[in-house]
A.B. asks: 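So that we are looking at the same thing, I have put the structure below in structure tokens.
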Amino acid sequence: MAVPEYKLPEEFKLKCDRVIPERYKHMVLTNRQRPNIPACNIKTVPGDMTERGCAFAGCRGVVGGPIGDCIQVVHAPAGCAWYQWGTRRNLSKIYAWAGPGKLCNDSHNRRRAITTDLQERDVVFGGMEKLKKACLEAWRLIPGAAGILIFTTCTSGLIGDDCKAVAKEVEKELEKKEGRPIPVFVFDSPGLCRVSQSTGHHHFNVQFYEQMVEWRKEHPEFCMKEEEKTPYDVAIIGDFNMDWDLAYIKPLFEKIGCRVVAVFTGGERLYNLLKIPDVKLNILHCQRSCTYISDLIKKGYEIPYINVSFFGIEQTAKALRDTAKFFGSKEMMEKAEQVIEEEIKAITPALNFYREKLRGKKIGLYVGGPRVWHWQKVMQELGMKVVFGMCTFAHEDDYEKINKRAEDGVFLVDNPNEFEIEECLEKFKPDLFLTGLKEKYLARKLGVPTVNSHSYEKGPYACFRGFINFARDIYQGIYAPVWKFVKDKDFA
Amino acid sequence: MSELKPINGNLKLNGRLTIEQLNALPEVPIEGITYEQIYIEKEPICPEYIPPDESIIPSSKRSVVIDPGRICMPFGAMWASVGVHKCIPFVQGAQGCTTYPRYTFSRIFREPVSIATASFHEDAAVFGGRRNFLQGIRNLVYRYHPEVIAVVTVCSSEIIGDDIEGFLNEAWEMLEEEFGPEIRDQLKVVIIHTPSFAGSHVNGYDEAAKAFVKTLAKRRSPNNKVNIIPGMITPGDIREIKHILKLMHIDYIMLFDISETLDCPLRLPQKMPYYPKGGTRIEEIIDTANSLATFALCPDEGRGAANYLAKRYEVPGILGPLPLGVHNTDKFVKTLSEITGQPISEEIKDERGILIDAMADTFHYTMGRRVAICGDPDIAAAATRFCCELGMEPVAVFSGTQSATFAQEVWAACEEYGYKPVIFNGGDMFEWEDVVKKEKVDLILGNSKCVNISKEANVPLVRIGFPVYDRVGYQRRAYVGYRGGEFLLSLIVNTILDAKFPDDRVHQ
Amino acid sequence: MKVAKAVKRDKWRCGGCCSLKAANVWKKTKELWDDIRCQRPSAPGKITQRSCVFYGARWILAPLKDAIHLVHGPVGCAQYGSTVRGQSYRIFSTALEERDIIFGGINKLIKSLFEVRQLKPEAKYIFVYLTCTPSLIGDDAYWVCKHMGKHLGCPVIMVDSPGFKGESQAKGHKIAYDCLFKELIGKKEREVGPYDINIIGDYNINSESQVLKSLLKRMGIHVHCVFTGDAPYEKIISAHKVRLNLLICQNSGQSLAKAMERKYGIPCLKVSFFGLSQTIEGLKKIGEFFGLKKEAERVIAEEYQAIKPKLDWLLPKLKGKKAALFFGAARMAILLRALDDLGMKVVFTGSQFGNKDTYKEAWQYAKTGTYIIDDASEHDLEHLLKELRPDVFMGGIKENFLSHKLGIGFCNFPQPKVRGPYVGFKGFINFAYSLYQAIYAPVWQFVKF
């Protein structure tokens with residue numbers, strides 16, 4: 001899409017970027033009529049204090065990591081696996097055995113870090129042999145998994161290990177050992193690939209799709225049987241079960257008569273994921289990280305998808321209505337209306353309390369990408385004003401959505417660095433900054449309260465009932481008595 | 001506002017709501033309902049328990065590493081660099097190599113940490129990281145005016161073979177052209193080579209320490225100070241070391257002093273860009289060549305630097321042990337006294353006496369307890385000795401990083417007290433976990449990664465070492481020195497009391 | 001019949017050299033016994049280790065779980081009285097205040113009695129403890145208790161325990177047991193089994209009573225009531241229907257044992273289950289009494305076999321170590337013998353409130369050269385410890401930290417929960433292990449710097 005030439009008003013040009021004016025291309029003011037799109041999805045300038053992660057983070061950490069019942073082997077020196085070890089609160093109900101009659105203390109996807117721990121000699125002589133051995137050993141040491149997912153990193157990518165070939169060999173040996181086919185998938189997404197973690201999302205989507213299609217072809221028993229199918233089978237794509245968001249999302253669809261076959265990938269079992277091409281409709285939540293696979297499935301299996309948001313009243317209601325409309329069932333539409341009414345009734349008293357407290361407060365928003373547009377409406381529903389928005393890895397379509405959903409004149413920054421964040425906090429003086437773990441401490445040092453918007457503070461935040469949690473955390477952030485002490489001039 | 005109805009007396013639910021109950025609530029309470037209050041039935045990964053293959057549980061018998069007790073080498077280098085005033089680590093690698101460590105720092109210290117990236121992408125992999133390096137250094141100087149840039153290499157830049165030293169010469173030319181020759185006085189650049197496949201964070205810190213003194217230290221007139229290389233201990237620990245030195249009236253150079261960079265007060269207004277006010281000054285690092293001695297408190301995280309200063313500038317190096325526990329702290333204090341000629345002060349003797357008093361008051365709880373220990377080599381070794389001093393029996397001692405001295409240290413302490421623990425020198429936590437679960441252990445001393453093991457084995461955990469991120473405040477506490485020993489002792493005893501005597505209300 | 005002369009200490013110029021010759025210290029020089037002057041009030045100004053009569057009464061009555069304990073006095077006494085032997089108990093107070101002191105506390109007592117009864121309707125009976133205050137203002141609590149008993153339909157027993165009533169807590173023990181004897185025992189008849197006994201003077205510290213009961217059960221003895229470690233109301237009122245009373249703590253339980261012997265003709269056997277030889281001796285004595293000699297021998301053999309390996313490990317470590325003791329009273333002699341079993345040497349022993357009998361017994365078992373002290377002050381103990389330097393000191397919580405400050409390991413009595421009960425055979429191992437811990441704790445090597 002052609003980006004119209006855009007001129008940032010002089011007063012919005014951040015001082016810290018005087019010396020690198022190319023950063024000004026990454027900043028715009030929103031406009032609902034004629035969306036302004038900043039330069040985006042471009043490599044970070046070297047020397048930047050970027051907040052971005054790498055492709056591996058997107059692939060293993062965000063999209064692949066939540067899969068609940070697989071052994072996830074990271075082919076790298078130990079550090080890369082360590083960093084992904086139980087860091088995100090992408091919860092799951094699937095637990096490995098800790099002993100006879102006893103389950104582990106943490107869900108399987110968060111419990112262990114499994115890695116080939118590449119050493120100098122592996123870097124010199126290649127790590128394929130080690131990877132194969134490691135996969136087979138992990139299978140013996142952590143029994144009961146559904147399959148193996150292999151993730152590559154800079155090191156294994158640069159030394160050029162052919163992991164796909166290794167996976168095939170491991171698959172063969174496991175089939176011999178177990179007497180049944182065991183999927184071994186490879187996700188090749190070294191950290192230095194392309195622009196940001198968004199690349200990793202893309203890689204995972206495409207590679208998962210390819211391997212899924214191949215696997216289904218070779219092993220038709222993994223497809224859903226005809227007699228199991230129902231007319232209202234759906235899959236939720238792009239939800240990673242942060243703080244059990246799914247506890248609210250899934251029941252809503254079940255209440256209106258859908259059957260949720262799988263969630264891509266929040267705490268899901270691998271075999272359920274392999275059945276996604278058998279559903280009637282894909283409901284796409286995270287439209288940054290998972291549009292790719294929805295498109296591929298639409299193309300390959302002619303399964304349509306709808307874009308939805310599960311944050312706030314209006315958007316969640318719309319998601320239900322859109323789903324009902326898709327199926328065209330009058331009964332479902334009625335049910336949807338009924339559910340929406342009930343849910344709104346259940347949260348109204350609490351919501352009114354927070355609306356009263358939060359009205360007119362100023363919010364700065366800095367999340368990966370999609371939540372910046374997911375949450376515009378949410379803030380409006382709470383009566384708050386978004387003063388600036390920032391995205392780590394958003395693409396043009398994200399910015400389009402932000403433009404559409406935000407009020408006019410919201411200052412947007414693409415891939416901000418630490419300095420820009422500091423200046424924006426100074427300049428716009430938000431009452432609260434919605435951001436992630438790394439930046440929240442910086443904001444606090446400047447006296448701005450934060451709410452962790454990646455792993456949440458005390459979620460779930462999704463749908464109607466989760467909205468109250470979200471509002472509560474925002475309220476607690478702004479009204480925490482500590483900020484009173486911070487501002488005492490005598491102690492400045 | 002509606003109240004949460006008491007849920008049926010199901011013990012399993014323990015006051016939590018099932019998803020069904022949650023969604024059927026006619027009214028959501030104002031406080032909302034958080035994930036901790038939702039009851040989720042655990043689903044086993046497979047229907048029946050399958051035992052793991054015992055034959056390959058020891059890490060020496062396998063290639064796969066499960067639950068490594070170490071992270072990557074650049075992380076250690078960044079840790080050291082963050083302890084230098086107005087120093088920005090510049091990571092010659094992909095964005096993840098900065099973001100992950102920053103994430104980890106923030107988790108542990110709850111502080112902002114500024115680390116810059118060279119933003120490696122495919123083009124760098126093909127054409128090398130020269131362009132990224134030059135542009136990155138320029139941008140940093142332009143915008144942040146740092147006093148030091150610590151260039152930290154990672155796996156990718158080392159594999160593609162970036163000639164960082166060559167790049168730096170080019171960079172200086174470029175900088176001089178742009179900022180004038182004064183820039184050479186205003187800025188220092190230290191290059192630290194840390195490919196992660198060559199070591200762990202422990203080695204990374206060691207490399208960084210060496211690189212800093214090698215690049216900056218210069219011979220001048222004697223300064224009558226001692227150098228301290230703390231190693232990867234907490235800000236609280238460093239404060240405690242400073243406290244001891246102050247009580248002994250000894251001047252010191254605290255290298256990589258994170259006590260005021262990774263634990264900063266919240267005070268407004270802040271200057272921009274945000275720089276923490278603390279950290280070791282460059283002048284001090286330059287001056288390390290003229291000190292009385294170098295104390296590498298953690299031998300594995302300072303050996304290189306101490307040896308270099310000893311060889312090049314004849315500054316004697318004292319390698320450990322980490323002054324944690326009575327014996328080790330005694331040794332530290334005595335050595336300090338010998339080297340500086342300062343007597344051991346009354347205040348120190350009193351602080352020691354308080355620790356001894358606390359030990360005397362609690363040994364009935366600690367003696368005979370079987371303990372498993374896990375951590376970085378020097379901390380684990382020192383903690384093992386302290387456990388022995390409390391009359392506890394070390395059963396399994398684990399270091400995630402292989403170390404030349406760790407096993408020896410642990411063995412020496414245990415031999416002295418008549419114990420024979422299993423020692424893991426550089427294995428993974430999986431094999432250690434197996435021993436912890438099989439042996440009857442009363443207590444685990446370890447980092448936050450031991451929480452699951454502790455819960456599954458039903459053994460209480462005392463948090464110590466790197467990293468502790470699931471509880472607040474630990475980074476501010478000291479474990480070293482006499483006062484730190486007292487804190488650790490209290491932690492240990494209170495944990496034992498909680499676990500073993502939960503109903504005892506009086507405790508005489 | 002003479003003992004080393006007691007020399008009066010110079011109160012004002014005590015440099016520590018004269019403590020072994022103080023008025024309340026005796027050194028055993030010959031095998032002969034002479035009077036030890038004891039049961040005297042502590043001198044004012046002394047940092048005494050003793051306590052008051054109320055404390056003594058609570059010490060005995062606290063374990064009675066099915067009673068209501070109401071302390072008539074200002075709240076402080078009740079607060080202290082709620083903790084006995086390191087355990088917390090629910091306890092009520094009339095919380096007397098200034099106006100009650102002026103106008104009398106009777107009304108408040110009556111009101112409180114009604115209220116506590118309502119709060120704890122399941123209780124079988126009520127104790128009303130008198131503390132200094134109501135005794136001094138002259139509340140006629142006896143009258144109240146008598147009438148309220150009728151009103152409330154359960155015994156309301158007045159424990160007349162104002163702190164000033166005797167020279168030490170020992171008096172409180174006696175008062176408490178007298179109450180039980182006078183007000184409860186003998187109220188209900190029952191069939192007596194051939195091997196029914198009571199245990200007097202065991203307070204179920206760390207489930208001691210359970211250990212003893214099961215030990216005796218194995219040789220066929222049935223324990224009816226344990227005073228007061230395991231004494232439900234029903235058992236107390238029929239406690240006079242047994243064949244034998246075992247007296248374990250002779251100091252506190254003596255009065256009850258004697259009274260029961262007098263009134264009901266129940267014989268009394270003095271035994272102890274602390275220490276190996278005494279446990280064996282005790283079991284044998286009981287066996288002899290009931291004609292169960294064989295059973296006793298069998299139990300002894302089995303138990304001894306079970307602990308032998310651990311004992312073999314511990315004995316060489318403890319042999320020849322020096323110990324010092326300071327207790328309430330009865331344990332003086334008992335522990336002397338228990339330590340003898342371990343081959344340890346006792347350098348001094350003493351008690352807070354021992355009577356002539358207890359001292360006599362201690363004297364009998366002490367080796368020549370052992371010091372014996374009555375009502376030691378903190379100062380006395382300090383000097384004794386300093387001059388005699390035992391390897392381990394045994395006593396109560398108050399002495400614990402003093403001992404530590406002098407660099408001497410300490411073993412706490414009543415034993416904390418750290419190491420299970422000390423009675424019986426396995427308990428002896430627990431006991432020996434505690435001593436081992438106290439002596440061998442690595443901390444002692446660091447004390448000198």
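In the text below, chain A, chain B and the rest are named by the order of the sequence lines, each starting its count at 1.
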A.B. asks: What are the two closest non-hydrogen atoms of Arg112(A) and Ile66(B), and how far apart are they?
C.D. replies: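 So the minimum-distance heavy-atom pair works out to CD-CG2, 3.5 Å.
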
A.B. asks: Could you look at Asp488(A) and say if it's the side chain, the backbone, both or neither that has a heavy atom under 4.5 Å from chain B?
C.D. replies: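 For Asp488(A), neither part sits under 4.5 Å from chain B.
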
A.B. asks: Let me know if Ile159(B) has heavy atoms under 4.5 Å from chain A in its side chain, its backbone, both or neither.
C.D. replies: side chain

A.B. asks: At a heavy-atom separation under 4.5 Å, does Pro467(B) approach chain A through its side chain, its backbone, both, or neither?
C.D. replies: side chain

A.B. asks: Which distance, rounded to the nearest 0.5 Å, do you find between the OG of Ser55(B) and the CD of Glu137(A)?
C.D. replies: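 Between atom OG of Ser55(B) and atom CD of Glu137(A) there are 9.5 Å.
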
A.B. asks: Non-hydrogen atoms of chain A under 4.5 Å away: do they reach the side chain of Pro74(B), the backbone, both or neither?
C.D. replies: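 When you check distances to chain A, no heavy atom of Pro74(B) falls under 4.5 Å.
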
A.B. asks: Do the side chains of Lys455(B) and Asp106(A) get close enough for a salt bridge, i.e. N-O under 4.0 angstrom?
C.D. replies: no

A.B. asks: Under a 4.5 Å heavy-atom cutoff, which of Trp85(A), Phe353(A), Phe56(A) has the most pairs with chain B?
C.D. replies: Trp85(A)

A.B. asks: Heavy-atom cut-off 4.5 Å, strictly under: side chain, backbone, both or neither for Val113(B) against chain A?
C.D. replies: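 Contact with chain A is through the backbone of Val113(B) alone.
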
A.B. asks: Between Val124(A) and chain B, with a heavy-atom cut-off of 4.5 Å, which part of the residue counts as in contact: side chain, backbone, both or neither?
C.D. replies: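 Looking at Val124(A), nothing touches chain B.
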
A.B. asks: Check whether Arg465(A) reaches the backbone of Leu22(B) with its side chain - one donor and one acceptor, N or O, closer than 3.5 Å.
C.D. replies: yes

A.B. asks: With only heavy atoms counted, which part of Ile453(B) is less than 4.5 Å from chain A, the side chain, the backbone, both or neither?
C.D. replies: both

A.B. asks: Do the ring planes of Tyr49(B) and Trp97(A) sit parallel (below 30°), tilted (30 to 60°) or perpendicular (above 60°)?
C.D. replies: perpendicular

A.B. asks: Counting distance only, does the side-chain N/O of Lys438(A) pair as donor-acceptor with the main-chain N or O of Phe105(B) below 3.5 Å?
C.D. replies: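 A pair under 3.5 Å: no.
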
A.B. asks: Taking the side chain from Lys445(A) and the backbone from Cys264(B), do they hold a donor-acceptor pair closer than 3.5 Å?
C.D. replies: yes

A.B. asks: Quick one: what part of Leu134(B) sits under 4.5 Å from any heavy atom of chain A, side chain, backbone, both or neither?
C.D. replies: neither

A.B. asks: Which bit of Thr104(B) is near chain A, if near means a heavy-atom gap under 4.5 Å: side chain, backbone, both or neither?
C.D. replies: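 Contact with chain A: side chain only.
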
A.B. asks: Going by an N to O cut-off under 4.0 Å, is there a salt bridge joining Glu433(B) and Arg111(A)?
C.D. replies: yes

A.B. asks: Are the side chain of Gln95(B) and the backbone N or O of Arg52(A) linked by a donor-acceptor pair below 3.5 Å?
C.D. replies: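 No; judged by distance alone, with no hydrogens or angles, the pair does not exist.
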
A.B. asks: So, the side chain of Arg70(B) versus the backbone of Trp82(A): is there a donor-acceptor pair under 3.5 Å, distance only?
C.D. replies: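 Between the backbone of Trp82(A) and the side chain of Arg70(B) there is no qualifying donor-acceptor contact (under 3.5 Å).
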
A.B. asks: Heavy atoms only: give me the nearest Lys93(A)-Glu41(B) pair and the separation to one decimal.
C.D. replies: CB-O, 3.8 Å

A.B. asks: Tell me if a side-chain donor or acceptor on Asp48(A) pairs with a main-chain N or O of Thr117(B) at a distance below 3.5 Å.
C.D. replies: no

A.B. asks: Using non-hydrogen atoms only, which part of Tyr100(B) is less than 4.5 Å away from chain A: side chain, backbone, both, or neither?
C.D. replies: both

A.B. asks: Counting only heavy atoms closer than 4.5 Å, note whether Asp123(B) contacts chain A via side chain, backbone, both or neither.
C.D. replies: side chain

A.B. asks: For Phe419(A) and Tyr144(B), I'd like to know if the aromatic rings sit close, meaning centre-to-centre distance below 6.0 Å.
C.D. replies: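 Here the rings of Tyr144(B) and Phe419(A) have centres that are less than 6.0 Å from each other.
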
A.B. asks: Measuring heavy-atom distances to chain A, does Cys97(B) have an atom under 4.5 Å in its side chain, in its backbone, in both, or in neither?
C.D. replies: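 Neither part; nothing is under 4.5 Å.
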
A.B. asks: Which heavy atom in Tyr35(B) sits nearest to a heavy atom in Lys458(A), and how many Å separate them?
C.D. replies: CE2-CA, 4.2 Å

A.B. asks: If I measure from the heavy atoms of chain A, does Glu48(B) come under 4.5 Å with its side chain, its backbone, both, or neither?
C.D. replies: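 For Glu48(B), the backbone is the part near chain A, not the side chain.
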
A.B. asks: Enter the distance from Leu158(A):CG to Ile160(B):CD1 here, rounded to the nearest 0.5 Å.
C.D. replies: 7.0 Å

A.B. asks: Between Lys43(A) and chain B, which part of the residue has a heavy atom less than 4.5 Å away: side chain, backbone, both or neither?
C.D. replies: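 Both parts, heavy atoms under 4.5 Å.
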
A.B. asks: Distance from Tyr441(A) atom OH to Arg107(B) atom CZ, nearest 0.5 Å?
C.D. replies: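 Separation between the atoms: 10.0 Å.
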
A.B. asks: Against Pro77(A), only a single residue in Cys72(B), Pro195(B), Cys155(B) fulfils side chain to side chain contact (heavy atoms under 4.5 Å, CB included); can you say which?
C.D. replies: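 The passing option is Cys155(B).
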
A.B. asks: Heavy-atom cut-off 4.5 Å, strictly under: side chain, backbone, both or neither for Met73(B) against chain A?
C.D. replies: neither

A.B. asks: Which region of Ser454(B), side chain (C-beta onward) or backbone (N, CA, C, O), has a non-hydrogen atom less than 4.5 Å from a non-hydrogen atom of chain A, or is it both or neither?
C.D. replies: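 Interface part for Ser454(B): neither.
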
